[in-house]
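By convention in this document, chain letters (A, B, ...) are assigned in the order of the sequence lines, proteins followed by strands, and residues within each chain are numbered from 1. Just the heavy atoms: all of them, side chains too, but no hydrogens, waters or symmetry mates, feed the values below.
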2 protein chains.
Amino acid sequence: MAEYGCARMTVHKAITALASAGLVTRNKRAGTLVAKPPVVTAVLEIPDIAALIAARSEVYEFRLLSREIRPLRAEDGAEAALAPHGEVLALTGAHLAGGEPFGLESRIINLATAPEARDRDFTVEAPGSWLLHHAPWTDARHRITAVAAEATQARRLGVARGGACLQIERWTWRAGAGVTFVRQLFPGDRYDLVAEFSPPGAT
Amino acid sequence: MAEYGCARMTVHKAITALASAGLVTRNKRAGTLVAKPPVVTAVLEIPDIAALIAARSEVYEFRLLSREIRPLRAEDGAEAALAPHGEVLALTGAHLAGGEPFGLESRIINLATAPEARDRDFTVEAPGSWLLHHAPWTDARHRITAVAAEATQARRLGVARGGACLQIERWTWRAGAGVTFVRQLFPGDRYDLVAEFSPPGAT
DNA sequence: GCGCATATAATGTCTAGACATTAATCGCGA
DNA sequence: TCGCGATTAATGTCTAGACATTATATGCGC
């Protein structure tokens with residue numbers, strides 16, 4: 001306040017912005033210190049696939065490959081983080097751009113959290129878009145890895161078996177209850193993720 | 001203010017938080033509206049590789065593969081975003097975890113922005129860690145893709161040729177001037193990125 | 001009807017003061 | 001020296017008012 005001749009509120013807002021960017025850490029009584037390890041963070045935008053393809057001025061299409069209502073199995077592994085038990089809607093489908101395969105997805109929807117999904121027809125509408133508008137989430141976790149396409153996947157995507165694909169796994173929760181788990185697979189040459197980072201105050 | 005009986009500043013702060021989370025858009029005169037496409041964003045942490053490996057309680061090691069000072073070539077393509085011209089330090093190296101290859105990196109350091117890098121010995125110290133502490137950046141851009149390992153890369157990483165790898169490209173700038181461009185390659189089964197998202201106010 | 005100056009309604013930002021919260025520190029007694 | 005309560009120094013949050021900024025809306029003259 002003395003150095004810049006401004007009010008405490010103004011200094012507070014500025015420092016709060018620095019803290020939210022991870023540049024400083026604030027501790028009561030101890031004061032505000034420059035953060036030790038400047039962890040590199042970036043804001044990642046995971047786009048809606050339909051919107052992404054529309055932006056490339058190509059025709060988007062979703063094709064449902066399988067649909068099943070079943071209890072959540074313990075051996076579902078990663079999917080089990082969704083809910084301890086209960087019925088789920090398991091879907092697999094393909095995203096097409098201009099008639100060509102663009103990506104595959106395998107999804108589990110928790111029917112306890114999103115019961116309306118049970119009677120929904122996902123043969124042409126992508127479940128991701130529907131969920132986005134009808135079962136909003138409050139928390140999400142993403143895992144991004146590179147995997148080799150398995151035989152079936154490779155055939156459906158029109159790539160060589162073992163071809164490098166970007167795999168995005170996403171778990172979403174609403175108020176602590178699992179909503180959906182999705183595993184998406186994109187051929188490496190057809191999709192990439194871009195993340196930007198600029199600290200606050202940068203113009 | 002009328003609805004919650006509080007001051008304008010308080011409402012402003014709350015709405016600012018919503019806006020920064022992308023839930024609403026603010027327009028002067030037009031007012032604040034619920035954001036149309038709830039773009040899925042997540043905060044991605046790009047860890048320091050040495051710290052990441054240390055966290056797995058394995059021994060980290062960096063091995064320099066090549067070092068060259070040369071003018072930035074126009075045909076550098078993606079790298080050219082760094083600076084229009086001028087000398088760069090081009091490095092390639094390998095990250096090892098417990099003696100085993102963990103990842104490869106190919107890096108360009110802009111000597112106009114980070115001149116101290118010229119005389120620095122990177123044979124054992126990873127340039128990424130050094131830059132993090134000596135040439136801080138203010139803006140960064142990341143691109144995440146899945147690629148197939150080329151013959152040389154596959155040999156150095158100890159994976160099959162054509163094996164799926166996660167490729168991270170990062171451009172960093174300080175006050176508009178390019179600092180470094182790095183392309184990192186990790187075998188898909190040895191590395192993944194995790195991104196979390198919780199909107200403000202979630203406890 | 002069109003173009004332009006003006007009004008207006010929203011956001012953006014700051015001030016000065018008040019009170020709340022919390023964790024480190026100090027001081028005192030055992 | 002140890003333990004514990006009181007103090008204090010920092011952050012956290014809110015208020016009520018002021019002025020700045022800017023895109024839209026309005027009204028007027030041609």
query = For B:Tyr60, what residues pass the side chain to side chain donor-acceptor pair (under 3.5 Å) criterion, not counting sequence neighbours?
reply = B:His95
key: Outermost nucleotides of DNA chain C that come under 4.0 Å of a non-hydrogen atom of chain B   = C:dT8 to C:dC14
key: Residue list, salt bridge (Lys or Arg N to Asp or Glu O under 4.0 Å) with A:Arg170, at least two apart or on another chain   = none
inquiry  = Please enumerate all residues that pass salt bridge (Lys or Arg N to Asp or Glu O under 4.0 Å) together with B:Glu68, with sequence neighbours excluded.
reply    = B:Arg70
message = Checking the side chain of B:Arg174 only, and the main-chain atoms of B:Thr113 only, is there a donor and an acceptor separated by less than 3.5 Å?
response = yes
request  = Tell me which residues in residues 2-11 of chain B put a heavy atom below 4.0 Å from DNA chain C, sorted by number, or none.
outcome  = B:Arg8, B:Met9
ask   = Are A:Glu169 and B:Asp192 side-chain neighbours, meaning at least one heavy-atom pair lies under 4.5 Å?
value = no
Check the interface with nucleotides 5-8 of chain D: list each N/O to N/O pair with the protein under 3.5 Å, or write none.
{"residue": "D:dT8", "atom": "O2", "partner": "A:Arg29", "partner atom": "NH1", "Å": "2.6"}

message = Tell me the closest heavy-atom pair linking B:Val124 and B:Phe62, and the distance in Å.
response = O-CB, 3.3 Å
key: Qualifying residues under side chain to side chain donor-acceptor pair (under 3.5 Å), relative to B:His134, sequence neighbours excluded   = B:Trp130
ask   = Taking only residues two or more places apart in sequence or in another chain, which ones pass side chain to side chain donor-acceptor pair (under 3.5 Å) with B:Thr92?
value = B:Ser66
Heavy-atom closest pair, residues B:Leu44 and A:Ile144 = CD1-CD1, 4.4 Å
Pairs meeting criterion side-chain hydrogen bond (donor to acceptor under 3.5 Å, both in side chains) with involvement of residues 118-127 of chain A, two or more places apart = A:Glu87-A:Arg118, A:Arg120-A:Glu125, A:Asp121-A:Thr123
inquiry  = Show me the pairs that pass salt bridge (Lys or Arg N to Asp or Glu O under 4.0 Å) and involve residues 46-63 of chain B, at least two apart or across chains.
reply    = B:Glu61-B:Arg63
ask   = For A:Thr16, which contact category applies under a 4.0 Å heavy-atom criterion: base, sugar-phosphate, or nothing?
value = nothing
key: Divergence of helical axes at both termini of the helix from C:dG1-D:dC30 to C:dA30-D:dT1 - five pairs an end, 10° steps   = 0°
inquiry  = Among residues at least two apart in sequence or on other chains, which ones pass side chain to side chain donor-acceptor pair (under 3.5 Å) with A:Thr16?
reply    = A:Arg26
remark   = Correct closest heavy-atom pair for A:Glu105 and A:Pro127 would be OE2-CG, 3.7 Å
request  = Please state how far atom CZ in B:Arg26 lies from atom P in D:dT24, giving the value in whole angstrom units.
outcome  = 16 Å
